[in-house]
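Taking it in order: structure first as structure tokens, then the write-up.
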Amino acid sequence: MSSPGENHQRALDRFLAEHPEVATQLANLNPLAAQAKGETLEQYRAERLHEAFEAQAERLGLFAWELTLKLTTDTVEAYETQRLEVHKEVAQMAGLSWADYCQLHDLPG
């Protein structure tokens, strides 16, 4: 299985392939804007890409990590299984019961 970083990069690559308008915007960024932020053009581009990715996730009603899973899993079933596994881990880390967490995030419990 790929590492989380590899999966996220695969998701970003697929996102760009599916959204050529974003790729075009990123290719035409103003280098002066990057300079004004004290970043290289590549850093500035990466930041804008992550912002676009997160905005897309929000439009779909997902967390960014859920969009990453959606774009990198082979089947809907695999996506749902992995998604629930991560949500269960988050609930545990937050010290919430699974029922309370499901209610909070509108998940089937």
Side-chain angles (χ1 to χ4, degrees):
M1 186 167 183
S2 301
S3 74
E6 290 173 359
N7 278 344
H8 187 62
Q9 187 57 56
R10 284 184 25 237
L12 290 172
D13 293 343
R14 182 169 171 192
F15 172 72
L16 279 176
E18 293 177 358
H19 296 88
E21 71 284 359
V22 174
T24 299
Q25 289 171 356
L26 294 174
N28 293 306
L29 290 173
N30 185 341
L32 295 177
Q35 185 179 12
K37 288 192 75 172
E39 299 175 347
T40 67
L41 186 56
E42 189 55 36
Q43 290 169 324
Y44 188 69
R45 180 188 178 281
E47 197 174 303
R48 301 293 79 74
L49 172 56
H50 285 285
E51 287 172 356
F53 187 85
E54 289 176 9
Q56 176 66 11
E58 190 174 315
R59 279 190 292 278
L60 296 173
L62 303 172
F63 291 108
W65 64 264
E66 289 174 306
L67 182 54
T68 295
L69 278 180
K70 190 177 220 49
L71 294 174
T72 58
T73 51
D74 296 327
T75 65
V76 172
E77 294 80 14
Y79 164 72
E80 287 298 333
T81 299
Q82 290 181 31
R83 178 177 169 260
L84 284 178
E85 285 175 15
V86 174
H87 274 294
K88 285 178 183 177
E89 290 174 13
V90 172
Q92 256 183 336
M93 288 187 300
L96 292 171
S97 73
W98 181 237
D100 289 343
Y101 184 87
C102 287
Q103 185 177 5
L104 183 65
H105 293 284
D106 198 28
L107 296 170

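All residue numbers in this chain count up from 1 along the given sequence.
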Practice task
Measure across L29 and R45 and return the closest heavy-atom pair with its distance rounded to 0.1 Å.
Solution key: CD1-CA, 3.6 Å
Exercise for the section: Verify the neighbour count for atom CG of N30: are there more than 12 heavy atoms of other residues, nucleotides or ligands below 6.0 Å? Expected result: yes
Handout entry: Rounded distance [0.5 Å steps], CG in L96 versus CG in L104
Key = 7.0 Å
Practice task
Inspect the contact between K88 and E85 and indicate whether a charged nitrogen and a carboxylate oxygen are less than 4.0 angstrom apart.
Solution key: no
Handout entry: Shared hydrophobic cluster, L41 / L32 (ILVMFWY, side-chain heavy atoms < 4.5 Å)
Key = no
Handout entry: Enclosure of E80 CD (heavy-atom neighbours >12, cutoff 6.0 Å)
Key = yes
Handout entry: Donor-acceptor under 3.5 Å (H105 side chain, Y101 main chain)
Key = no
Exercise for the section: Give, for atom CG of L49 and atom CG of L26, the distance between the pair rounded to the nearest 0.5 Å. Expected result: 5.5 Å
Exercise for the section: Supply the atom-to-atom distance T72 OG1 to D13 CG, rounded to the nearest 0.5 angstrom. Expected result: 11.5 Å
Exercise for the section: Drop me the distance from T68's OG1 to R14's CZ, to the nearest 0.5 angstrom. Expected result: 11.5 Å
Handout entry: Shortest non-hydrogen contact between V22 and A52, atoms and distance
Key = CG1-CB, 4.0 Å
Exercise for the section: Check whether any side-chain heavy atom of H87 sits under 4.5 Å from a side-chain heavy atom of R83, and report yes or no. Expected result: yes
Practice task
Just grab all the side chain to side chain donor-acceptor pair (under 3.5 Å) pairs involving residues 53-63, residues at least two apart or on different chains.
Solution key: Q56-R59
Problem - Where K70 and T73 come nearest, the two heavy atoms and their spacing - result: O-OG1, 4.0 Å
Practice task
List the atom of H8, the atom of H50, and the distance in Å for their closest heavy-atom pair.
Solution key: NE2-CE1, 3.2 Å
Practice task
May I ask whether V76 and L60 are part of the same hydrophobic cluster, defined by side-chain heavy atoms of I, L, V, M, F, W, Y residues being less than 4.5 angstrom apart, directly or through others?
Solution key: no
Practice task
Check P108 against C102 and note the closest heavy-atom contact, atom names and distance.
Solution key: O-SG, 3.6 Å
Handout entry: Geometric class of the W65/F63 ring pair [parallel <30°, tilted 30-60°, perpendicular >60°]
Key = parallel
Fill in the blank from the handout: Interatomic distance, CG@N28 vs OG1@T24, rounded to 0.5 Å, equals 7.0 Å
Practice task
Could you grab the distance from atom CD of E66 to atom CG of L71, nearest 0.5 Å is fine?
Solution key: 12.0 Å
Problem - Counterpart residues, side-chain contact (heavy atoms from CB on, under 4.5 Å), relative to E47 (two or more places apart) - result: K37, E39, E51
Handout entry: Heavy-atom pair of closest approach, residues W98 and L107
Key = CH2-CD1, 4.2 Å
